[in-house]
Amino acid sequence: MRKIILLLLIVVSFFSCYQPKVAPPQEVKGAIGENAMVATTHPLATAVGLEILKKGGNAIDAAIAIQFALTVVYPQAGNIGGGGFAVIRLADGEVSTLDFREKAPELSKKDMYLGPDGEVVQTNIRLGHLASGVPGSVAGMWELHQKHGHLSWSELINPAINLAYSGHLLTEGIANSLNEKQNNFQEANRYQPWVINDKGWNKGDTAIQKELASTLSFIQKQGRDGFYKGIVADQLVKEMILGGGIISAKDLIDYQPVWRDPIKGSYKGYTIYSMAPPSSGGIALIQLLKGSEHLGFEKMEFNGAEMLHYKTELERRVYADRAVHLGDPDYYEVPTAALIDDDYNKTRFSSIKKNKKTASSEMKEGDVAPYESTETTHFSVVDPAGNAVALTTTLNGSYGSSVMVKGAGFFLNNEMDDFSAKPGVPNIYGLIGSEANAIAPGKRMLSSMTPTILEKEGALFLVTGSPGGATIITTVFQSIINVIDFDMGLQEAINAKKTHSQWLPDTLFIENGGISTEVQLDLEKRGHAIRFKESTSKINAILVLEDGSLEGGADYLRSDSYAEGF
Ligand code: DON
């Protein structure tokens with residue numbers, strides 16, 4: 001039945017508008033595939049990935065096609081105007097990671113977001129033209145294709161062009177998110193981009209994006225130059241000049257993605273590969289797993305008071321390290337080896353008390369705003385040969401800066417907010433930073449994105465990742481310990497209620513319905529300030545089962561996510 005639905009979805013969506021009507025799986029098991037699996041945040045993007053794999057494309061080809069398709073069908077986070085990170089494990093076991101994170105424009109300055117009173121002007125760093133870093137996604141996809149592509153570049157962009165040109169029908173989630181941002185769209189643009197709709201968007205409305213189709217066609221014909229040079233680059237630079245932004249033609253031409261050594265660690269016999277700085281994800285994840293090994297979560301009741309107390313104390317220490325020590329390694333000497341060292345972490349976590357929370361002021365002080373949720377997207381792919389890709393990509397906030405480049409039909413990111421605009425002043429995720437993550441021309445802003453691949457006895461085991469700003473790291477951490485320590489199947493691990501803490505704000509966030517009143521009272525007695533919230537967790541992951549088949553887990557409870565294999 002799933003195969004028939006999917007076939008229909010591919011055929012119809014490429015030639016006309018199509019509303020995906022995919023019922024979420026009823027049982028707790030995820031999708032099962034004998035040979036290959038794709039898990040993304042939108043059924044149409046999953047369909048594109050599967051189509052590429054069935055044509056003989058490898059996992060990297062599928063990832064490239066998905067990235068472009070998400071730009072069309074998931075415009076709040078899918079992007080060509082943003083950036084991201086990819087972790088790749090080839091079937092022969094070689095692991096590489098690509099950083100296609102945005103960069104600060106050459107004209108940026110350390111104090112560029114401070115007003116005359118010395119305070120951060122929040123609107124400048126979050127909304128409008130000045131909020132954008134130099135986009136990295138198209139250069140990233142081009143680089144992935146140059147190194148690992150099998151099908152032609154042109155074939156990989158076709159599905160996205162078809163979706164943009166012919167249109168697709170909006171899901172309820174996307175219609176709602178477009179409605180929420182109408183004021184931002186009005187404020188950030190000097191014209192009426194297609195997303196502005198006075199009557200409001202509804203599920204089933206058609207999104208036709210001819211300008212985006214044309215931009216994608218330039219990229220299809222000219223590769224990375226179709227974005228960083230020529231008509232699209234001119235449109236972007238004109239947008240900047242008219243809107244008061246600072247990204248220049250030279251910034252675009254100069255943009256280069258970077259292959260970085262993965263962060264590698266071990267956890268109970270599993271090998272973990274994740275993203276190195278400028279993402280904090282890999283280092284923080286390894287620290288959390290080392291803490292988990294030290295504290296022995298597997299002996300505790302899942303999401304009971306004891307486990308949540310220790311997990312919270314662990315997370316607070318790891319995020320305090322993140323705030324002080326992490327930034328772009330091309331600009332700041334990040335003490336990577338020291339931070340993931342066994343002895344360092346043992347000592348760091350030995351200060352955790354059994355029954356009492358440590359005051360944040362004993363770790364470090366700060367004054368921060370509450371956490372706010374926005375958008376990023378993660379997808380996972382495994383192909384029939386066993387190649388795997390974990391890729392997380394974002395515009396930062398939902399629809400990024402809200403600026404849609406006139407004539408080109410794509411949103412620009414507001415990633416400059418991931419820098420520490422002023423030491424100790426929190427960004428949109430309540431994260432604070434210091435000198436390590438200060439703004440400098442050409443520098444990459446610190447990220448929390450954590451695309452991650454695990455091996456068991458040298459073989460592929462788990463491909464995982466999530467959106468969620470600061471909560472990305474703890475969400476990925478939970479996806480791993482839920483499977484390894486609490487014996488959950490992948491879908492069960494994804495469905496399970498998540499919790500999060502990050503040193504500052506000094507709060508333990510718990511997904512609505514995540515704990516009993518008894519556990520809540522116990523945690524409060526130990527000193528934790530609890531706040532319930534909707535989760536931003538949207539893990540899309542793939543687990544290799546004992547018989548070698550693949551379980552695709554998509555976060556269908558919290559989003560339109562969809563996994564399918566064959
Ligand atoms: O790079 C980062 O860590 C952030 N820009 C990610 C933003 C995000 O995940 C928003 N998602 N829900």
Side-chain angles (χ1 to χ4, degrees), residues 41 70 74-79 81-87 97 99-104 125-126 131-137 140 173-174 177 180-181 274-285 318-319 322-323 326-328 371-379 390-402 411-421 426-433 437 443-452 464-477 498 500 502 509 511 533-540 555 558-561:
T41 204
L70 284 169
Y74 197 67
Q76 58 265 61
N79 70 82
F85 299 97
V87 177
T97 68
D99 160 2
F100 54 99
R101 179 72 159 166
E102 300 91 325
K103 296 179 80 165
I125 201 166
R126 293 185 188 164
S132 301
V134 183
S137 290
I174 295 179
S177 83
E180 273 167 30
K181 296 288 171 182
S274 193
M275 202 59 225
S279 181
S280 58
I283 291 178
L285 178 65
V318 169
Y319 278 76
R322 179 196 190 277
L326 299 188
D328 182 348
Y371 168 78
E372 189 182 319
S373 114
T374 50
E375 282 292 348
T376 290
T377 187
H378 174 85
F379 56 87
L391 194 152
T392 315
T393 183
T394 192
L395 290 164
N396 190 28
S398 188
Y399 303 95
S401 65
S402 287
F411 282 107
L412 284 169
N413 67 83
N414 60 349
E415 217 76 62
M416 293 297 281
D417 187 53
D418 273 345
F419 277 119
S420 172
N427 75 354
I428 196 170
Y429 305 106
L431 291 166
I432 62 168
N437 191 30
K443 187 174 176 181
R444 288 169 154 93
M445 52 297 280
L446 185 63
S447 173
S448 301
M449 290 189 270
T450 315
T452 297
T464 186
S466 174
T471 69
I472 293 174
I473 301 165
T474 52
T475 302
V476 173
F477 172 54
K498 306 290 186 303
H500 169 75
Q502 59 181 52
F509 295 100
E511 191 173 4
K533 71 175 191 86
E534 295 245 349
S535 176
T536 48
S537 158
K538 290 173 199 156
I539 294 170
N540 291 314
D555 208 337
R558 303 176 180 91
S559 66
D560 296 326
S561 288

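Whatever order the structure lists them in is the order used to number ligands and atoms, beginning at 1. As the structure is a computational prediction, the values presented were derived from the model and not from experiment.
- Shown in contact with M449 at under 4.0 Å from a heavy atom are these atoms of ligand 1, numbered in order with element: 1 (O), 3 (O).
- By the side-chain contact (heavy atoms from CB on, under 4.5 Å) test, S537 is found to be paired with T475, K498, S535, I539, D555, R558, residues two or more places apart in sequence or in another chain being considered.
- At a 4.0 Å heavy-atom cut-off, ligand 1 touches E415 through the side chain alone.
- The N/O atoms of G469, backbone and side chain alike, include one that comes under 3.5 Å of an N/O atom in ligand 1.
- Relative ring orientation between H500 and F509 is described as parallel, the plane-to-plane angle staying below 30° on a 0-90° scale split at 30° and 60°.
- Here R101 has side-chain heavy atoms under 4.0 Å from ligand 1, and that is the only part of it that gets that close.
- For the pair I283 and L326, the minimum side-chain heavy-atom distance is below 4.5 Å.
- Considering only residues two or more places apart in sequence or on other chains, F411 meets the ring-ring contact (aromatic ring centres under 6.0 Å, His included) condition with F185, Y399.
- Contact atoms of ligand 1 toward I472: 9 (O) (distance under 4.0 Å to a heavy atom of the residue).
- For atom 5 (N) of ligand 1, the candidate residues are D418, T394, T450, I428; the nearest heavy-atom contact is made by D418.
- Here D418 pairs with R101 in a salt bridge; the nearest charged N to carboxylate O distance falls below 4.0 Å.
- For ligand 1, one of its N or O atoms has an N or O atom of G468 under 3.5 Å away.
- No heavy atom of K538 sits closer than 4.0 Å to any atom of ligand 1.
- Annotation for ligand 1: atoms under 4.0 Å from non-hydrogen atoms of E375 are 8 (C), 10 (C), 11 (N), 12 (N).
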Test Y74 against D560 for side chain to side chain contact (heavy atoms under 4.5 Å, CB included), laying out the working first. CA-CA 10 Å; Y74 197 67; D560 296 326; 5.7 Å; no

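- No side-chain heavy atom of P467 sits less than 4.5 Å from a side-chain heavy atom of T394.
- Using a 4.0 Å cut-off between charged nitrogen and carboxylate oxygen, D417 and R126 count as a salt-bridge pair.
- If you number the atoms of ligand 1 from 1 as listed, the ones under 4.0 Å from a heavy atom of N396 come out as 4 (C), 5 (N), 7 (C), 10 (C).
- Taking every non-hydrogen atom of S448 and a distance limit under 4.0 Å, the qualifying atoms of ligand 1 come out as 1 (O), 2 (C), 3 (O).
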